[in-house]
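For reference, the structure is listed below as structure tokens.
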Protein chains: 2
Amino acid sequence: MTVPQPKLADVAAAAGVSPTTVSRVLNDRGYLSQKTKDAVHAAMAELGYRPNAIARSLQQRSSRLVGIIFPTVAHPFYGQMAEALETRLAGAGYKVLLCDSAGRPDRERRHLDMLLANQVDGIITGAHSQVVGDYPGLRAPVVTIDRPKGHDFPDISCDNRTVMRELTRGVIARGARRILHLTSSRDPQAPRLLGHAEAMAEARLEPAVLRPEPSRGWWPDPEQIDPVLDRAWEAAAAPEAVMCSNDLLAAAVLSWARRRGLRVPRDLQVTGFDGSAASRIFYPELSTVVQPYGAMAREAVAAILAAVDGEPLPAGTRELPATIDWRETTRPA
Amino acid sequence: MTVPQPKLADVAAAAGVSPTTVSRVLNDRGYLSQKTKDAVHAAMAELGYRPNAIARSLQQRSSRLVGIIFPTVAHPFYGQMAEALETRLAGAGYKVLLCDSAGRPDRERRHLDMLLANQVDGIITGAHSQVVGDYPGLRAPVVTIDRPKGHDFPDISCDNRTVMRELTRGVIARGARRILHLTSSRDPQAPRLLGHAEAMAEARLEPAVLRPEPSRGWWPDPEQIDPVLDRAWEAAAAPEAVMCSNDLLAAAVLSWARRRGLRVPRDLQVTGFDGSAASRIFYPELSTVVQPYGAMAREAVAAILAAVDGEPLPAGTRELPATIDWRETTRPA
DNA sequence: ATGAAAGCGCTAACAG
DNA sequence: CTGTTAGCGCTTTCAT
């Protein structure tokens, strides 16, 4: 506290060598006599020296910092993704600047400004707005996570369309004909919707998509969902299955079903999407799609690191296979 | 990309002034003629200039960086806490370095090294190991989140003991006499346990505490929990309530209860702890304690900012009031 | 009201 | 094998 932190020059003085030499042993560069190395190490230990990463970053014009932007890390999907990314990045010697955009473009813009000012080596974003897309002076490589195309950055996703087609086929095979699709997405071309529509078309079933408004951006709102479901159930033919675009939505549906006295899966089958660790504990019975968190983090980080090494970023989406976990909210196959 | 990023000197040249002047308009310091200001602003806009935060940090010997260390942000409690902290810190002009310790002391140590090397202005940690406690050369102020005492840093928690006493009283008032307490804590002096024990003693009831081993550190493991519960139910007098030290544990108990055909709350009452947004959506029926996430973040950040301003950190625990959310996994009062 | 010069802590030529 | 010198991009005395 009171003692100023020792700097490289102090170590040099203590060891009786030049700053350059200390820098060399620090970075293990060039030829050093063992004797010198030992002396320097001793001095460093003596003083409790810790190199200043900021000075190093300035000199090397590389911060080893990666920014990650998500709408909300309180959400199990983003939280788990953030964890997987941090673990990978830390393993590669990178540091993570966490940005929570709360789904607000203004916040995202501020965060982007901040990241660029801090000379980040890369940005990984799962934020929903398109502000990264047309950002002036964006020097850092950008990779998106589970974002639809419509931008020039590589995107890492699971095989949304394929797995959703598969999941829908499975629900149909389990006896459901009248299937409701609940989504929080406002994009009619969302891959999950397309996959769903394909499977429905194959079976000559009419897709029915409902988009209840989420509250606070990412949290399903029972006030919105319940009336929507009530209405669907008061229609002539009540649905036999509800497929949801994420596990939280599915949980809201299951809660509604309990209140309404519907038996799952007898009266109603329910599926989710995401399969976060939290979701698997909260709802082990939920049939859902488990996203490949680890693999997605690996690919996203690999892309950033490649870009740092000067390789051009591949455009387009990289899709990693997700797995379906059939449980008790659907009937046996 | 190909064009090197403009620096302050470039702006100066373009505006026909000295670097000092540009720095002055940037920081709005000293007296500048409006004319000069305008010229500089024009030049900055022209070149798309963005000040380099790294250089600034080096010069000012302050990074405006705060490290936050949690066992796993995939866990709803930590994820929501991380979000609340990031929001507060960003609002105060600070940046967040995210560290996921995965509950491993070696990882925590590496993260601490990294944070100190990066000249963080403060550290907020909820990691469980005690490595921060005796860390050599820790210059940054540290605040812990929901950690038991036993260290010199201020701690921000909810009023664990009080609210747990209240919750236990409530469960007793709801008719339960044989109450099981499930916890993931290995500390017999944990405040939540103490509060529980107090309420039990008041009612002259015998406390029964069970500590199933978590898997991977923070996730309750049904393989561990189910046999423990089974055994309790095979004992002479089956419990009438299970109180859990977090919502995930409660979810595991509810899942077990469903499989065993127990009706909640008739045959068995269940309570949780944490009340994260995710938990409220996954399990709206769960009676639980809702932690004051926002207030805790506010206090933690306030403490760090005060320390940055040179005020000494207050020692001891700051307890914020939590609220009890009685729902349907307990009987009506 | 503005500028020149020095320096934050480190590393990269370039000597020797 | 080691040291001298210059400079990363910015801010800050101290002049004027």
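Computed from a predicted structure; not experimentally measured. Numbered from 1 within each chain, the chains take letters A, B, ... in sequence-line order.
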(request) Give the intermediate values and the outcome of side-chain contact (heavy atoms from CB on, under 4.5 Å) for residues A/Met114 and A/Leu97. (result) CA-CA 10 Å; A/Met114 182 276 277; A/Leu97 277 175; 4.2 Å; yes
(request) May I have the distance from B/Arg29 (atom CZ) to D/dT13 (atom C1'), rounded to whole angstrom? (result) 13 Å
(request) Specify the closest pair of heavy atoms between A/Met81 and A/Ala297, including all atoms of both residues, with the distance to one decimal. (result) CE-N, 3.5 Å
(request) Quickly, which of A/His41, A/Lys35, A/Gln34 forms a side-chain hydrogen bond (donor to acceptor under 3.5 Å, both in side chains) with A/Asp38? Name it, please. (result) A/Gln34
(message) What is the separation between atom NZ on B/Lys35 and atom C1' on C/dA1, rounded to the nearest whole Å?
(response) 12 Å
(message) Restricting to non-hydrogen atoms, name the atom on A/Val40 and the atom on A/Val11 that form the minimum distance, rounded to 0.1 Å.
(response) O-CG1, 4.1 Å
(request) Classify the side-chain pair A/Tyr78/A/Asp274 by whether it contains a donor and acceptor separated by less than 3.5 Å. (result) no
(message) Can you measure A/Asp38 atom CG to D/dC1 atom C1' for me and round it to whole angstrom units?
(response) 15 Å
(message) Between C1' on D/dG9 and CD on A/Gln119, what's the gap in Å once rounded to a whole number?
(response) 9 Å
(request) Mind listing the residues from residues 17-26 of chain A sitting with a heavy atom below 4.0 Å of DNA chain D? Number order is fine. (result) A/Val17, A/Ser18, A/Thr20, A/Thr21, A/Arg24
(request) Check the distance between D/dT4's P and A/Leu8's CG and give it to me in whole angstrom. (result) 14 Å
(request) Nearest whole angstrom, please: distance from the C1' of D/dC10 to the CD of B/Gln5. (result) 13 Å
(request) Could you give me the CA-CA distance, side-chain angles and deciding distance for B/Arg107 and B/Asp100, then say whether salt bridge (charged side-chain N to carboxylate O under 4.0 Å, His left out) is met? (result) CA-CA 8 Å; B/Arg107 289 252 227 137; B/Asp100 201 288; 5.4 Å; no
(message) If you compare all heavy atoms of A/Ala117 against all heavy atoms of B/Arg50, which two are closest, and at what distance to 0.1 Å?
(response) N-CD, 3.8 Å
(message) For a quick test of reading the model, state the closest non-hydrogen atom pair linking A/Gln291 to A/Phe77 and the distance between them.
(response) NE2-CE1, 3.4 Å
(request) Ignoring hydrogens and angles, state whether a donor on the side chain of B/Ser157 or B/Asp155 is under 3.5 Å from an acceptor on the partner side chain. (result) yes
(request) Starting at atom NZ of B/Lys7, determine the distance to atom C1' of D/dT11, rounded to an integer number of angstrom. (result) 15 Å
(message) Can you list, in residue-number order, the parts of residues 50-62 of chain A that come under 4.0 Å of DNA chain D, counting heavy atoms only?
(response) A/Leu58, A/Gln59, A/Arg61
(request) On the 0 to 90° scale, with breaks at 30° and 60°, tag the B/His128-B/Trp218 ring pair as parallel, tilted or perpendicular. (result) perpendicular
(message) Rounded to whole Å, how long is the line connecting atom CG of A/Asn118 with atom P of D/dC8?
(response) 20 Å
(request) Determine: side-chain N/O of B/Tyr31 to OP1/OP2 of C/dG3, distance under 4.0 Å, yes or no. (result) no
(request) Mind listing the closest non-hydrogen atom pair of A/Ala14 and A/Ala43 along with its distance? (result) CB-CB, 4.0 Å
(message) So if I take the C1' atoms of five pairs at each end of the helix from C/dA1-D/dT16 to C/dG16-D/dC1 and get each local axis, what angle do the two axes make, rounded to 10 degrees?
(response) 40°
